[in-house]
Amino acid sequence: MAAPTRDVLYYDESQRTPLTPYLPSQILSSSSSKPHVTLTFATSLDSSIALAPGTQTHLSGPSSKAMTHFLRSCHSAILIGVGTALADNPSLNCRLSGVGGYGGSGLDNQPRPIILDPSARWGDLEGRKVIQLAREGKGKAPIIFFRRDVWEERMGDEEFRERMKVLEECGGGYYLVAPAKGEKFAWVDILGGLKEVGIRSVMIEGGGAVINELLGPENFPLVDSVIITIAPTWLGRGGVLVSPEERRTNGVQVPVGRLTDVKWVPLGEDVVCCGRPNLNG
Ligand SMILES: NC(=O)c1ccc[n+]([C@@H]2O[C@H](COP(=O)([O-])OP(=O)(O)OC[C@H]3O[C@@H](n4cnc5c(N)ncnc54)[C@H](O)[C@@H]3O)[C@@H](O)[C@H]2O)c1
Ligand SMILES: Nc1nc(=O)c(N)c(NC[C@H](O)[C@H](O)[C@H](O)COP(=O)(O)O)[nH]1
């Protein structure tokens, strides 16, 4: 069945050009050990991505929302942490006119949703928008990254096995990773896993924990592009902050990171900041 028109987003050809230098190139060397990584999120003027932990806050205006969907159409995967999956129940598909399920054929240009859920917290999959959309042919089904030991233990449980069946029946799957620290995976392992399952480019959308990890000095070099929507609003204290851990050199506090090749693109009432990690700055 055709998608209702109100669901479909449009993003003008002329607005796409400024973003081109930050997008994954169509031909990536097969020798590259990791996919192209675009880190993207929407923030308030006080660096908050949500009013409070566990809640969803709409920050992007209509134009920057359409831009986000254009970005989704340019990547082979879209990755979030389970905190976002639980708070937002996101669709994680691309609703841009002309992509598969929205006027295009099959699942053309639909990104593969990836959810980092090391401790299997996402729960019952029925009722998750991403599963419904996969069943309706409007998006790809997710691949969930679990901790190997947690997955092995949970497979002893009937309810969890049923959950894995639901996932596989709609075309999704799982990938098992050994944690590097606590429940967390090393980002090199996550990106290596993505490459192994055939992902050539990934758009990382958040949430707070994921973004702050990637902005840290150890992981920032793994990021190829950063595309941030800044909305003209303050959310106040108590929100989910983008503020990576402080960094010290010889005991002295220094900036954590900086962008280079920067471009600011006004979009409606928002402004979009594009750049690349400045690894010398
Ligand atoms: N404005 C935006 O652009 C935007 C985008 C995404 C999410 N959000 C908001 O952010 C909030 C969620 O953020 P959050 O910080 O609570 O959760 P999150 O989405 O960052 O998920 C955190 C969880 O993901 C898993 N995880 C993260 N890094 C991992 C790693 N290296 N290895 C293995 N597992 C890892 C862990 O289970 C961790 O508890 C929600 O309120 C959501 O609405 C906003
Ligand atoms: N670009 C952007 N602007 C926002 O104002 C906002 N809150 C998010 N949040 C990103 C996060 O990944 C959300 O879960 C999805 O934006 C939900 O959107 P979908 O249902 O997948 O379309 N992203």
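Ligands are counted one by one from 1 in listed order, and the atoms in each one are counted from 1 as well. Values reported hereafter were calculated over all heavy atoms of this structure, with side chains retained and with hydrogens, waters and symmetry mates removed.
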Without placing hydrogens or testing angles, list every side-chain donor-acceptor pair under 3.5 Å for residues 171-186, not counting sequence neighbours.
{"residue": "Tyr175", "atom": "OH", "partner": "Glu196", "partner atom": "OE1", "Å": "2.9"}
{"residue": "Glu183", "atom": "OE1", "partner": "Ser119", "partner atom": "OG", "Å": "2.5"}
{"residue": "Lys184", "atom": "NZ", "partner": "Glu213", "partner atom": "OE2", "Å": "2.9"}

Between atom CG of Leu71 and atom OG1 of Thr229, what is the distance when rounded to the nearest 0.5 Å? 8.0 Å
Ion pair check, Arg161 and Glu158, cut-off under 4.0 Å: yes
Taking the basic N atoms (NZ, or NE/NH1/NH2) and the acidic carboxylate oxygens, is any pair closer than 4.0 Å for Arg95 and Asp7? no
Distance under 4.0 Å, heavy atoms only, partner ligand 2: which residues pass? Ala42, Gln56, Thr57, His58, Leu59, Ser60, Thr68, His69, Arg72, Ile80, Thr84, Asp88, Pro90, Ser91, Leu92, Arg95, Glu205
Partners meeting side chain to side chain donor-acceptor pair (under 3.5 Å) with Glu246 (sequence neighbours left out): Arg248
Between Tyr10 and Phe70, is the ring centroid distance below 6.0 Å? no
Does a side chain donor of either Ser73 or Asn109 reach within less than 3.5 Å of an acceptor in the other side chain? no
In order of chain and number, which residues sit within 4.0 Å of ligand 1 by heavy atom? Phe41, Ala42, Ile49, Ala50, Ala52, Gly54, Thr55, Gln56, Leu59, Gly81, Val82, Gly83, Thr84, Ala87, Asp88, Leu116, Pro118, Arg121, Glu183, Lys184, Phe185, Trp187, Ile190, Glu205, Gly206, Gly207, Gly208, Ala209, Val210, Glu213
So that I can tick it off, tell me whether Lys34 and Asp224 are bridged by a salt bridge, with the cut-off set at under 4.0 angstrom between side-chain N and carboxylate O. yes
Please determine, by modelled atom types, if Asp46 and Ser48 share a side-chain donor-acceptor pair under 3.5 angstrom. no
